[in-house]
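So the structure is just underneath, and the comments pick up after that.
We name chains A, B, ... by the order of the sequence lines, and we start the count at 1 in each one.
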Amino acid sequence: MPELPEVETVRKGLQQFMEGQSIGKVEVFTSKLRWKLPESFEKNLSNQTITTIARRGKYLILEVSNGHCLIVHLGMTGSFAIFSTNGFPKYDNSRKDKHDHVVFHLGNGTVIAYNDPRKFGMMDLIPESKLSIYPPLKTLGVEPLGNGFDEKYLKYHLDRRSSPVKNFLLDQKVIAGIGNIYASEALWRAGISPRRKANRISQKKAGLLVTAIRDVLNDAIKSGGSTLRNYRSVAGNLGYFQHQFRVYDQEGEPCSNENCDGQINRIVQTGRSTFYCPSCQK
DNA sequence: ACATGAGCCTGTGGGC
DNA sequence: TGCCCACAGGCTCATG
């Protein structure tokens, strides 16, 4: 389920527990997620210190002391959970879920389990020197919260697409990190119909869309951050938190734009649900 | 070069 | 209660 804000929240959580720590043992219970784990996955990670935890689009990049980078993508159902450290349950056979595929035992006793029922997630291990040529990463477009994303960039790429703007927003090669939920949410905020052809969006609307994307992602990261402060006392599951979506999954509800008396519709675009208000999104 | 659809997997919820 | 179907927030590859 994770889009950029969820992945960023997971990154911060992992950072708190893993950065600067050593990895002791790595247990692999399922060697094939989206793809097979590389040979010597465990060997190259065990007894290494985790130096940095970064994010690029929806990918996590964990660098360890021998120069390898652990690349993680959560797919649609991937998550990490924290165990065996103060405030969290001990990780043992009674705790192990059947979809726990990879478990990291840190030197300080903390256990971090990767769980993924649908196995659409991925993990890979590459040398730091190969990061810039690693295919899944090198094809990614700009970070929507970074400096490279502005009205000029967006308009340039919008003008080169005749597909509906909703589909355009899901293209990771243009903007990295937007998924099906935040595409709908951002278009609602910008007052743009998801069905509008990308190349028929005005300069002014493109500017509004940049702001809408930034705001919706930042707001979601903020609400994830507040969950992050609480999760110590609840459970150790990182990255899943309830948002109040304005259009996503709100079919039939009144539009929450106060100047609008419309109703949220659900349509299907290239096989995926899109939610929008036909009255105020043009 | 682009756009679309299938496939990868398992779980959940609604209708009957 | 059980069964069947539709659907789920991502990505890549094959095909047109």
* To do: Kindly point out which of C:dC11, C:dG9, B:dA3 is positioned nearest to the side chain of A:Glu6?
  => C:dG9
* To do: Check the side chains of A:Arg266 and A:Ser273 for a donor-acceptor pair under 3.5 angstrom, ignoring hydrogens and angles.
  => yes
* Asked: Has A:Tyr182 got a side-chain N or O lying under 4.0 Å from the OP1 or OP2 atom of C:dG9?
  -> no
* To do: Could you tell me the separation between the CG atom of A:Asp124 and the C1' atom of C:dT12, rounded to a whole number of Å?
  => 15 Å
* Asked: Using a cut-off of less than 4.0 Å, is there contact between a side-chain N or O of A:Arg160 and OP1 or OP2 of B:dA1?
  -> no
* To do: State whether A:Arg189 and A:Asp219 are salt-bridged, where the test is any N-O pair (Lys NZ or Arg NE/NH1/NH2 against Asp/Glu carboxylate O) under 4.0 Å.
  => yes
* **B:dC8 pyrimidine/purine six-ring stacking with A:Phe120, under 5.5 Å and 30°** => yes
* Which is true for A:Lys173 with a 4.0 Å heavy-atom rule: it touches a base, it touches only sugar-phosphate, or it touches nothing? -> nothing
* Using a cut-off of less than 4.0 Å, is there contact between a side-chain N or O of A:Arg272 and OP1 or OP2 of C:dG9? -> yes
* Asked: Taking atom P in both B:dG5 and C:dC7, what distance in whole Å separates the two?
  -> 15 Å
* Asked: Within this structure, what is the CG-to-P distance between A:Asp116 and B:dT10, rounded to whole angstrom?
  -> 11 Å
* Asked: Which whole-number value in Å describes the distance from A:Leu137 CG to C:dG10 P?
  -> 17 Å
* Looking only at heavy atoms, which two atoms of A:Thr51 and A:Val64 are closest? And how far apart? -> OG1-N, 4.1 Å
* Polar contact flag, side-chain donor to acceptor under 3.5 angstrom, A:His68-A:Asn66 -> yes
* Closest-nucleotide 5' rank along DNA chain C - winner of A:Arg118 and A:Thr139 -> A:Arg118
* Specify the separation, in whole Å, of atom CD1 of A:Ile175 and atom P of C:dG10. => 14 Å
* OP1 or OP2 of B:dC8 under 4.0 Å from side-chain N/O of A:Lys119 -> no
* Asked: Over how many whole Å does the gap from A:Asn115 atom CG to B:dC9 atom C1' extend?
  -> 14 Å
* Have a look at A:Arg34 and say if it touches a base, only the backbone sugar-phosphate, or nothing, with a 4.0 Å heavy-atom cut-off. => base
* To do: Counting heavy atoms from C-beta on, name the nucleotide in C:dT12, B:dC2, C:dG10 closest to the side chain of A:Lys58.
  => C:dG10
* Which whole-number value in Å describes the distance from A:Leu217 CG to C:dG9 P? -> 17 Å
* Asked: Going by the angle between their ring planes, with limits at 30° and 60°, are A:His101 and A:Tyr114 parallel, tilted or perpendicular?
  -> tilted
* Structure fact -> Closest to the side chain of A:Pro136, out of C:dT12, C:dC7, C:dG10, is C:dT12
* How are the rings of A:Tyr153 and A:Phe149 set to each other: parallel, tilted or perpendicular (split at 30° and 60°)? -> perpendicular
* Asked: Would you write out the dot-bracket form of DNA chain C, 5' to 3', with Watson-Crick and G-U pairs under 3.5 Å, [ ] for crossing pairs, | for pairs to other strands and . for unpaired bases?
  -> .|||||||.|||||||
* For DNA chain C, whose closest nucleotide is more 5', that of A:His73 or that of A:Arg266? -> A:Arg266
* Structure fact -> Considering only heavy side-chain atoms of A:Ser163, the closest of B:dT4, C:dG10, C:dC11 is B:dT4
* Asked: So, for A:Phe17 and A:Phe80, is the gap between ring centers shorter than 6.0 Å?
  -> no
* Any side-chain N or O of A:Lys98 less than 4.0 Å from the OP1 or OP2 oxygen of B:dT10? -> no
* To do: Would you indicate which nucleotide in C:dG9, B:dT4, B:dC2 comes nearest to any side-chain atom of A:Asn167?
  => B:dT4
* Asked: With respect to the phosphate group of B:dC9, does any side-chain polar atom (N or O) of A:His99 fall under 4.0 Å of OP1 or OP2?
  -> no
* Rounded to the nearest 0.5 Å, what's the gap from CD on A:Glu6 to OH on A:Tyr182? Could you check? => 4.0 Å
* On DNA chain B, check which nucleotide each of A:Thr270 and A:Pro117 is closest to and give me the residue with the more 5' one. => A:Thr270
* Asked: To the nearest angstrom, how far is A:Leu33 atom CG from C:dT12 atom P?
  -> 15 Å
* Rounded to whole angstrom, note down the P distance from C:dC4 over to B:dC9. => 22 Å
* Structure fact -> Separation between CZ (A:Arg95) and CZ (A:Phe88), nearest 0.5 Å, reads 12.0 Å
* Asked: How close or far is atom P of C:dG9 from atom CG of A:Leu170, stated in whole angstroms?
  -> 10 Å
